Amino acid sequence: MHISSLPGPYGIGTMGDNAYRFVDFLQRAGQTWWQILPIGPTSYGDSPYQSFSSVAGNPYFIDLPQLERDGLLERDEYERLPWCESELSVDYGQLYQLRYEVLHHAYRRFAQNPPEDYRRFCEENGHWLPDYALFMALKDAHGGRPWNEWEQPLKTREPGAIAAAREQYAGEIGFQMMLQYLFTRQWRALKGYANERGIRIIGDIPISITVQAGLSGPALEEALQDAPNRFGAKRQYTCGHFPQSFEYSSVGGWVVTRGAGQNSTYYGTIADIVLSQKYATPIGRIVTPHYPREATGPDLNQIMMGSEGTFGVLTEVTLKVFRWQPENRKRFSYMFRDWETAMAAAREMMQCECGYSSVFRLSDPEETHLMLKLYNVDETPLAPLMDKLGYKDMERCMFLGFTDGEKGFSKNVAKNIHRIARRYGAMPMTGYVTKSWEKGRFNDPYLRDTLMDFSVITDTLECSVNWSNMAQVHRDVRAVCHALPNTIVTTHMSHCYPQGANLYFIFITRMNDAAEFKRYHTTILDAIQKSGAAISHHHGIGKMFAPWLEGYIGEKEYGVFRVLKDYFDPDYTMNPGGTIGLDLKPEEKKCLNERKDYR
């Protein structure tokens with residue numbers, strides 16, 4: 001029974017007399033547990049799983065008659081208001097308007113004579129309360145709009161702007177801090193009353209976090225890993241999503257492009273991590289369900305993900321989180337004699353049902369050649385040892401990664417990877433190579449801009465393949481790339497599954513003309529589509545890939561996207577030019593898939 005479900009005449013259940021009566025009822029019934037839902041302040045949609053804070057309490061649950069007994073309210077300030085038509089349901093729109101109006105009456109009296117323990121409460125909660133109160137004050141001042149739509153100095157928390165906001169909105173900040181004081185006092189009293197009668201209150205706490213779409217990836221990860229200090233959590237957490245663009249990425253960007261992080265083999269892609277979403281669309285707000293699994297028709301979460309702004313603007317996301325246990329990580333690297341043997345070993349590792357590593361990366365001979373130089377392995381004793389043992393340059397393939405998770409699980413996964421690698425004739429390379437890769441895992445892409453100053457272009461294209469067509473796609477695409485002038489192309493396998501993997505092509509060429517680059521890029525995408533591979537595993541569609549999408553999906557299947565666009569955005573106002581190809585002319589589209597057997 002959640003607090004909101006308790007009966008009461010003031011719009012919603014509260015921590016008032018009926019809550020205490022419910023505790024008495026539980027005691028008489030011989031019960032020892034009272035399970036409730038999360039009690040944080042709810043955002044749009046008023047779901048207890050969509051909160052503005054992991055620490056703050058919901059002001060809706062503050063009992064008004066108790067505030068009258070405390071001398072903060074007069075009865076006629078709340079008694080005769082039109083809270084709702086029935087005590088059996090909640091009108092959240094009406095509640096939002098009336099509740100805060102009444103609580104502001106209480107704040108005027110509270111501010112004149114704060115209780116003696118208020119200062120101590122503020123000091124004890126100083127690590128989160130001032131920032132939370134400022135955030136809520138600013139959100140109210142901006143009409144409830146998400147923070148990424150505020151003025152730039154506020155979005156980036158420039159010290160001067162924050163100081164000015166604290167001064168300008170001091171009254172509303174004080175109001176928000178009072179609400180948390182009143183909530184905490186009433187909550188502690190109710191909890192103490194229940195505990196004295198042998199009743200323990202437990203939460204229905206999903207391992208998830210709700211954030212606004214503009215939150216940066218590093219900020220999310222920092223908050224999760226600092227959860228014990230920020231939120232009083234028992235342990236550190238992680239979202240487990242680390243794309244190569246992580247340092248400058250946003251949560252919303254992950255979702256609308258249907259991205260994948262480098263640790264996806266263990267944690268899953270963003271499609272596996274998202275629990276629910278909220279969108280602002282031309283036809284109104286769209287809120288997806290937040291349960292781990294449902295059988296309630298087509299999955300709206302999956303329909304909205306990857307839409308790239310075509311249907312509406314993503315405003316909020318609820319994500320799964322995982323325990324952060326880096327101390328259990330096991331790094332590994334092996335050298336295989338050739339690509340065919342390495343692919344067979346990788347397939348066995350993914351299909352042996354012994355668990356998956358977090359990072360799972362297999363480089364082809366050309367990429368291995370560059371990696372050994374880039375990470376200075378060719379200057380270590382490993383280089384002559386490889387040559388002596390018959391692991392030949394431009395034939396050998398580097399495999400690296402690491403495990404995550406519970407200590408025993410992590411150790412067992414690494415053990416089975418070692419067993420399979422050795423069975424396929426791989427040479428252990430220690431954790432040195434993996435650590436070298438980790439140092440540059442988010443930095444290597446920045447070389448692209450520097451190389452452009454010297455008329456050297458480097459870019460990436462990736463595709464999804466099954467184990468059955470992996471070798472063919474690898475040969476077909478590389479053959480086309482090598483036929484182009486002045487081209488180096490490397491490939492690695494990552495984001496792996498029991499049924500297939502992602503092939504990631506990196507090409508380097510001399511070029512300084514944009515039109516020439518587009519023709520070059522088109523040639524490679526043509527090769528990927530002709531091979532029968534999915535044209536993207538996690539980079540999304542955007543403008544560059546849009547001409548190939550219908551050809552890959554199929555004409556009738558692609559029509560589903562158009563129907564959704566017509567429903568959500570009948571006037572085609574959202575993201576013009578970036579509508580997953582829906583605004584392209586027929587002559588601009590590509591349909592080159594010659595390998596129907598792989599679809």
Side-chain angles (χ1 to χ4, degrees), residues 242 262-266 326 328-405 408-441 444 465 467 470-471 474 490-498 500-504 506:
F242 299 97
Q262 294 174 343
N263 301 58
S264 70
T265 302
Y266 176 71
N328 298 336
R329 180 168 290 174
K330 299 294 182 182
R331 295 174 176 84
F332 55 80
S333 61
Y334 297 90
M335 187 66 72
F336 287 91
R337 295 185 186 279
D338 55 63
W339 179 245
E340 289 72 22
T341 304
M343 282 194 296
R347 179 177 179 179
E348 175 64 18
M349 291 171 188
M350 294 307 302
Q351 294 181 349
C352 70
E353 299 189 19
C354 298
Y356 308 131
S357 68
S358 187
V359 169
F360 189 101
R361 181 183 174 116
L362 174 63
S363 298
D364 73 354
E366 201 161 355
E367 182 167 285
T368 297
H369 176 79
L370 290 178
M371 284 181 64
L372 294 179
K373 294 184 179 299
L374 185 63
Y375 302 141
N376 298 319
V377 179
D378 57 344
E379 298 179 5
T380 71
L382 289 171
L385 183 60
M386 286 188 291
D387 294 333
K388 184 177 180 179
L389 294 176
Y391 296 87
K392 299 178 182 179
D393 187 27
M394 296 304 292
E395 292 182 11
R396 59 197 178 201
C397 295
M398 174 65 70
F399 171 58
L400 62 81
F402 55 74
T403 63
D404 277 318
F409 172 86
S410 182
K411 183 178 180 180
N412 189 62
V413 171
K415 174 184 175 182
N416 281 287
I417 285 175
H418 176 79
R419 174 178 57 83
I420 294 169
R422 295 296 288 153
R423 176 148 47 94
Y424 281 83
M427 170 184 169
M429 300 286 286
T430 75
Y432 170 80
V433 179
T434 306
K435 289 180 179 179
S436 298
W437 171 81
E438 285 182 89
K439 290 178 182 178
R441 64 185 295 199
D444 290 349
V465 296
W467 293 110
M470 182 181 294
H474 182 253
T490 72
T491 315
H492 64 258
M493 176 201 306
S494 58
H495 311 286
C496 295
Y497 312 89
N502 164 242
L503 284 181
Y504 200 96
I506 304 173

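What you are looking at is a predicted structure, and each value in this text was computed from that prediction instead of being measured. Counting begins at 1 with the first residue of the sequence. Heavy atoms only: backbone and side chains are in, while hydrogens, waters and symmetry mates are out.
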*So His418 and Tyr334, would you call those rings parallel, tilted or perpendicular, with 30° and 60° as cut-offs?*
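The arrangement is tilted - the two ring planes meet at 30° to 60°.
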Pairwise side-chain contact, [X] with [Y], heavy-atom cut-off 4.5 Å (strictly under):
X      : Y      : result
Val377 : Met398 : no
Arg419 : Cys354 : yes
Thr490 : Ser363 : no
Thr403 : Phe409 : no
Met427 : Leu382 : yes

Discussion item. Please evaluate residues Asn376 and Tyr432 with respect to the criterion side-chain contact (heavy atoms from CB on, under 4.5 Å), reporting the C-alpha separation (whole Å), side-chain torsions for both, the decisive distance (0.1 Å), and the verdict.
Written reply: CA-CA 10 Å; Asn376 298 319; Tyr432 170 80; 4.2 Å; yes
Working to the nearest 0.5 angstrom, can you tell me the gap between [X] [atom1] and [Y] [atom2]?
X      : Y      : atom1 : atom2 : value
Tyr356 : Met350 : OH    : CE    : 5.0 Å
Arg361 : Gln262 : CZ    : CD    : 7.5 Å
Asp393 : Glu366 : CG    : CD    : 10.5 Å
Thr368 : Leu400 : OG1   : CG    : 9.0 Å
Trp339 : Glu367 : CH2   : CD    : 8.5 Å
Lys330 : Asn412 : NZ    : CG    : 12.0 Å

Search all heavy atoms of [X] against all heavy atoms of [Y] and return the closest pair with its distance.
X      : Y      : answer
Ala383 : Asp378 : CB-O, 3.5 Å
Arg331 : Arg329 : NH2-CD, 4.0 Å
Ser264 : His495 : OG-ND1, 2.7 Å
Asp338 : Cys397 : C-SG, 3.6 Å
Phe402 : Ser357 : O-CB, 3.5 Å
Cys496 : Phe360 : SG-CD2, 3.3 Å

Using side-chain contact (heavy atoms from CB on, under 4.5 Å), reason through Val359 and Glu438 one step at a time and then give a plain yes or no.
CA-CA 10 Å; Val359 169; Glu438 285 182 89; over 6 Å; no
With distance as the sole test, does [X] use its side chain to make a donor-acceptor pair with the main-chain N or O of [Y] at under 3.5 Å?
X      : Y      : result
Arg396 : Met335 : no
Trp467 : Ala344 : no
Gln351 : Pro498 : yes

For this session: With Ile417 as reference, evaluate Met349, Arg422, Glu348 under the side-chain contact (heavy atoms from CB on, under 4.5 Å) test and give the passing residue.
Result: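 Answer after filtering Met349, Arg422, Glu348: Met349.
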Q | side-chain contact (heavy atoms from CB on, under 4.5 Å) between Arg347 and Met470, intermediate numbers included | A | CA-CA 11 Å; Arg347 179 177 179 179; Met470 182 181 294; over 6 Å; no
Are Phe399 and Phe332 an aromatic pair by the rule of ring centers under 6.0 Å?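 Distance test on ring centres: under 6.0 Å, yes.
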(request) Show the numbers, then the answer: is there a side-chain contact (heavy atoms from CB on, under 4.5 Å) between Met493 and His474? (result) CA-CA 10 Å; Met493 176 201 306; His474 182 253; over 6 Å; no
ask   = Looking only at side chains, do Asn328 and Ser410 share a donor and an acceptor under 3.5 Å apart?
value =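 Judged by distance alone, the side chains do not pair up.
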